[in-house]
Amino acid sequence: MPLLTKSIKGTQDVLPQESHKWRYLEQSALEVAENFGFREVRTPVFEHTELFQRGVGDTTDVVQKEMYTFLDKGERSITLRPEGTAGVVRSFLEHGLFNEPMPQKLCYLTSCYRYEKPQAGRLREFHQFGVECFGTADPAADAEIIALAKQYFDFLGVRDLRLELNSIGCKECRKDYHKALHDYFSARKDKLCPTCVERLDRNPMRILDCKVPACGEIAADAPKVTDYLCDDCRAHFEQVQKYLGAMDIPFTVNPSIVRGLDYYSRTVFEFVSSSIGAQGTVCGGGRYDGLAEELGGPHTPALGFALGLERLMLLMESQGLPFPEAETCSLYIASMGEAAAQKAAELVCALRRDGIHAEFDVVGRSVKAQMKFANKLGADFTLVLGDSELESGKAVLKNMKSGETTDVELASFPGDFMRISISESLKTLEDLGVDTNIDLNALFYNND
Ligand code: HAM
């Protein structure tokens with residue numbers, strides 16, 4: 001019979017062979033963020049639709065074309081989050097975090113949903129690592145979050161990412177810019193897609209990030225926002241660049257970066273790679289000084305970024321970067337007969353309580369088949385228990401890599417096994433040239 005159904009287009013399963021890689025990306029992201037003072041926040045996967053309409057902006061591609069929106073059973077319009085910022089700002093306001101000392105630095109790992117045409121690096125369900133920093137308009141904060149993203153990429157060993165930087169000014173200096181864009185696009189109105197014609201009067205900046213190729217070609221020669229910055233925005237942008245210089249972070253100013261979401265003001269930036277195809281923007285972010293107010297809260301200058309984990313994974317794989325090995329089984333205890341099987345279960349439980357990955361037979365296989373399975377698991381050590389081992393209280397521990405065997409007393413088993421397995425790990429470290437001066441006997445037997 002064929003499968004009833006398959007996964008939805010634009011979604012991905014992460015199988016056990018791969019999940020340790022994801023865990024590595026996620027854990028290291030949180031660790032780097034913690035070193036910068038960011039604490040994790042978790043918000044719901046769905047929100048009231050108006051949050052994104054107001055927050056992300058109802059003239060954006062994301063809101064107009066890409067949201068997964070539905071009525072729930074109470075006839076409320078609900079949307080699966082297309083991005084993380086709006087929900088985090090809602091949460092920041094709802095829980096009064098603006099009363100806490102500023103800046104409030106929050107970070108998150110989330111799934112996001114956008115109904116886009118799937119291709120390499122573009123999915124309908126994707127995952128972001130993001131940070132949001134509230135309560136500071138200072139350009140040092142802009143440089144700080146950029147430094148965070150850079151440090152994460154450096155930690156992972158990612159190469160060849162360009163940092164592209166721009167300022168799109170504030171509401172005031174954007175009035176003149178909108179007029180210049182309106183004039184430019186009006187003269188070319190007949191070549192724009194219908195959505196962009198509609199955007200012309202409502203928000204001509206959104207034409208700049210339309211994905212329709214004809215609109216993109218026209219947008220390439222449109223007036224540049226950097227020519228319309230007011231004195232304050234220009235000074236802010238210069239300060240951001242000075243801080244980046246002080247932090248030794250290379251960047252290029254790219255006046256065509258405006259980002260596809262409405263909430264941005266002043267600094268915007270992207271980390272872009274040329275080695276993963278058309279979807280090369282791995283990370284994007286910027287300031288959104290007016291968003292908290294737009295959502296009904298107090299004026300709170302803020303900024304952040306989000307980094308697409310699928311694109312990061314593609315990039316790391318294209319560069320052949322290392323991931324830590326998946327954790328394997330330390331010890332497989334094979335057994336012959338009912339009494340030995342119960343002893344194996346007892347020993348494995350004791351080992352697991354001590355934090356060791358140990359396994360025993362739960363399928364009812366022959367000893368030969370159990371050993372074959374232990375091999376497949378990649379177990380570091382095996383031990384076979386039968387009637388004679390139970391009688392003598394002794395068994396033979398086999399190191400599966402070297403083939404070496406050691407006699408062990410079952411009575412002192414968890415402790416003995418840990419000593420042997422740690423000394424094996426130390427040997428490996430010594431082979432790698434690491435100085436490992438640890439007295440294992442003192443560690444295990446003299447702990448008073
Ligand atoms: P964004 O540029 O829409 O910004 O998305 C950030 C990152 O998410 C992109 O650079 C990309 O790596 C990844 N991404 C976006 N769409 C897809 C997709 N369909 N498939 C795979 N990956 C994708 C935001 O979401 C803002 N909330 C960032 C931000 C935070 N700005 C301030 N704070």
Side-chain angles (χ1 to χ4, degrees), residues 8-12 25 29 33 38 41 43 47 51-52 55-57 60-63 65-68 80-92 103-134 141-142 144-146 148-149 152-153 158 161-164 166 168 206 209 211 257-273 276-292 300-316:
I8 291 174
K9 194 172 161 190
T11 67
Q12 269 179 181
L25 291 192
F38 285 76
V41 61
T43 63
E47 299 270 1
L51 174 67
F52 302 112
V56 173
T60 59
D61 261 6
V62 169
V63 170
K65 302 181 182 171
E66 297 168 1
M67 292 206 307
Y68 280 88
L80 301 187
R81 68 178 156 224
E83 58 99 55
T85 308
V88 172
V89 177
R90 195 250 331 120
S91 171
F92 171 86
Q104 279 291 304
K105 297 174 167 184
L106 308 178
C107 64
Y108 52 88
L109 290 162
T110 54
S111 58
C112 299
Y113 303 85
R114 295 187 192 174
Y115 194 80
E116 293 195 83
K117 199 161 182 233
Q119 62 180 83
R122 193 202 272 162
L123 292 135
R124 290 182 176 169
E125 182 189 60
F126 60 97
H127 296 81
Q128 289 186 338
F129 158 58
V131 307
E132 313 293 351
C133 174
F134 294 92
D142 304 47
E144 183 182 51
I145 61 158
I146 292 174
L148 195 171
Y152 180 50
F153 291 129
V158 176
L161 269 179
R162 303 185 300 282
L163 168 59
E164 305 198 345
N166 195 19
I168 58 168
R206 289 286 67 89
D209 43 60
K211 294 184 187 105
I257 291 191
V258 290
R259 313 272 304 126
L261 314 167
D262 269 357
Y263 47 63
Y264 290 112
S265 54
R266 293 195 164 172
T267 314
V268 286
F269 64 90
E270 291 181 349
F271 282 87
V272 187
S273 158
I276 50 169
Q279 305 306 315
T281 307
V282 180
C283 170
R287 270 199 171 274
Y288 48 90
D289 291 344
L291 182 56
T300 313
L303 67 165
F305 70 73
L307 197 153
L309 294 177
E310 283 81 3
R311 288 189 194 172
L312 176 60
M313 187 71 87
L314 274 182
L315 184 59
M316 289 187 66

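Predicted model only: the values in this text are computed from it and were never measured. In listed order, ligands and their atoms are each counted from 1.
Selection from Glu310, Arg259, Glu116 by nearest heavy atom to atom 1 (P) of ligand 1 gives Arg259. In this comparison of Phe269, Tyr263, Tyr264, Phe271, the heavy atom closest to atom 31 (N) of ligand 1 sits on Tyr264.
Ligand 1 places these atoms under 4.0 Å from at least one heavy atom of Glu83: 25 (O), 26 (C), 27 (N). Close approach to Cys283 involves these atoms of ligand 1, each under 4.0 Å from a residue heavy atom: 10 (O). Less than 4.0 angstrom separates some heavy atom of Gly285 from each of these atoms of ligand 1: 31 (N). Annotation for ligand 1: atoms under 4.0 Å from non-hydrogen atoms of Thr85 are 26 (C), 27 (N), 29 (C), 30 (C), 31 (N), 32 (C), 33 (N). Residue Val282 has at least one heavy-atom neighbour below 4.0 Å for each of these atoms of ligand 1: 10 (O), 12 (O). Here is the list of ligand 1 atoms found below 4.0 Å of a heavy atom in Gly284: 10 (O), 28 (C), 29 (C).
Nearest non-hydrogen protein atom to atom 24 (C) of ligand 1 is Leu261 CD1, 3.6 Å. Considering only non-hydrogen protein atoms, atom 13 (C) of ligand 1 sits nearest to Gly308 CA, 3.6 Å. Nearest to atom 33 (N) of ligand 1 among the protein's heavy atoms is Glu132 OE1, 2.8 Å. The shortest contact between atom 8 (O) of ligand 1 and any protein heavy atom is with Gln128 NE2, 3.2 Å. When hydrogens are left out, the protein atom nearest atom 10 (O) of ligand 1 is Thr281 O, 3.2 Å; that is the closest non-hydrogen contact. Nearest non-hydrogen protein atom to atom 18 (C) of ligand 1 is Phe126 CD2, 3.4 Å. The protein non-hydrogen atom at the shortest distance from atom 3 (O) of ligand 1 is Arg114 NH2, 2.8 Å. Atom 20 (N) of ligand 1 has as its closest protein heavy atom Leu123 N, 2.9 Å.
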Item checked: Working for side-chain contact (heavy atoms from CB on, under 4.5 Å), residues Gln104 and Thr300 -> CA-CA 11 Å; Gln104 279 291 304; Thr300 313; over 6 Å; no
Next item on the list: Carefully, step by step, assess Arg81 and Thr43 under the rule side-chain contact (heavy atoms from CB on, under 4.5 Å).
Entry: CA-CA 10 Å; Arg81 68 178 156 224; Thr43 63; 3.7 Å; yes
Checklist line | Residues Ile146, Phe305; criterion side-chain contact (heavy atoms from CB on, under 4.5 Å); working and verdict | finding: CA-CA 8 Å; Ile146 292 174; Phe305 70 73; over 6 Å; no
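At a 4.0 Å cut-off, not a single heavy atom of Gly260 sits close enough to ligand 1 to count as contact. Residue Gly121 places a heavy atom under 4.0 Å from ligand 1.
Taking the six-membered ring where the residue is Trp, Phe92 and Phe134 present parallel rings, their angle staying beneath 30° rather than reaching 60°.
With a 4.0 Å heavy-atom cut-off, ligand 1 is reached by no atom of Cys112. When non-hydrogen atoms are compared, ligand 1 lies under 4.0 Å from the backbone of Phe305 (N, CA, C, O) but not from its side chain. Counting heavy atoms under 4.0 Å from ligand 1, residue Val62 does not touch it at all.
Leu161 approaches Val158 most closely through the heavy-atom pair CD1-CG1, 3.8 Å.
Side-chain contact check for Glu66 and Tyr115: no donor-acceptor pair (N or O, by modelled atom type) lies under 3.5 Å. Thr85 and Tyr263 share a donor-acceptor pair across their side chains, judged by distance under 3.5 Å alone.
Taking any N or O of Ala306, backbone or side chain, none lies under 3.5 Å from an N or O belonging to ligand 1.
Looking at heavy atoms from C-beta onward, Phe52 lies out of side-chain contact with Val62 at the 4.5 angstrom threshold. With a 4.5 Å cut-off on side-chain heavy atoms, Glu116 and Lys211 count as touching. In this structure, Arg311 and Ile276 have side chains that are in contact, with non-hydrogen atoms separated by less than 4.5 Å.
When each of Phe153, Tyr108, Tyr152 is tested with Phe129 by the rule ring-ring contact (aromatic ring centres under 6.0 Å, His included), just one qualifies, namely Tyr152.
A distance of 8.0 Å separates CD in Glu164 from OG1 in Thr281, rounded to the nearest 0.5 Å. Interatomic distance, Asp61 CG to Leu261 CG, rounded to the nearest 0.5 Å: 10.0 Å.
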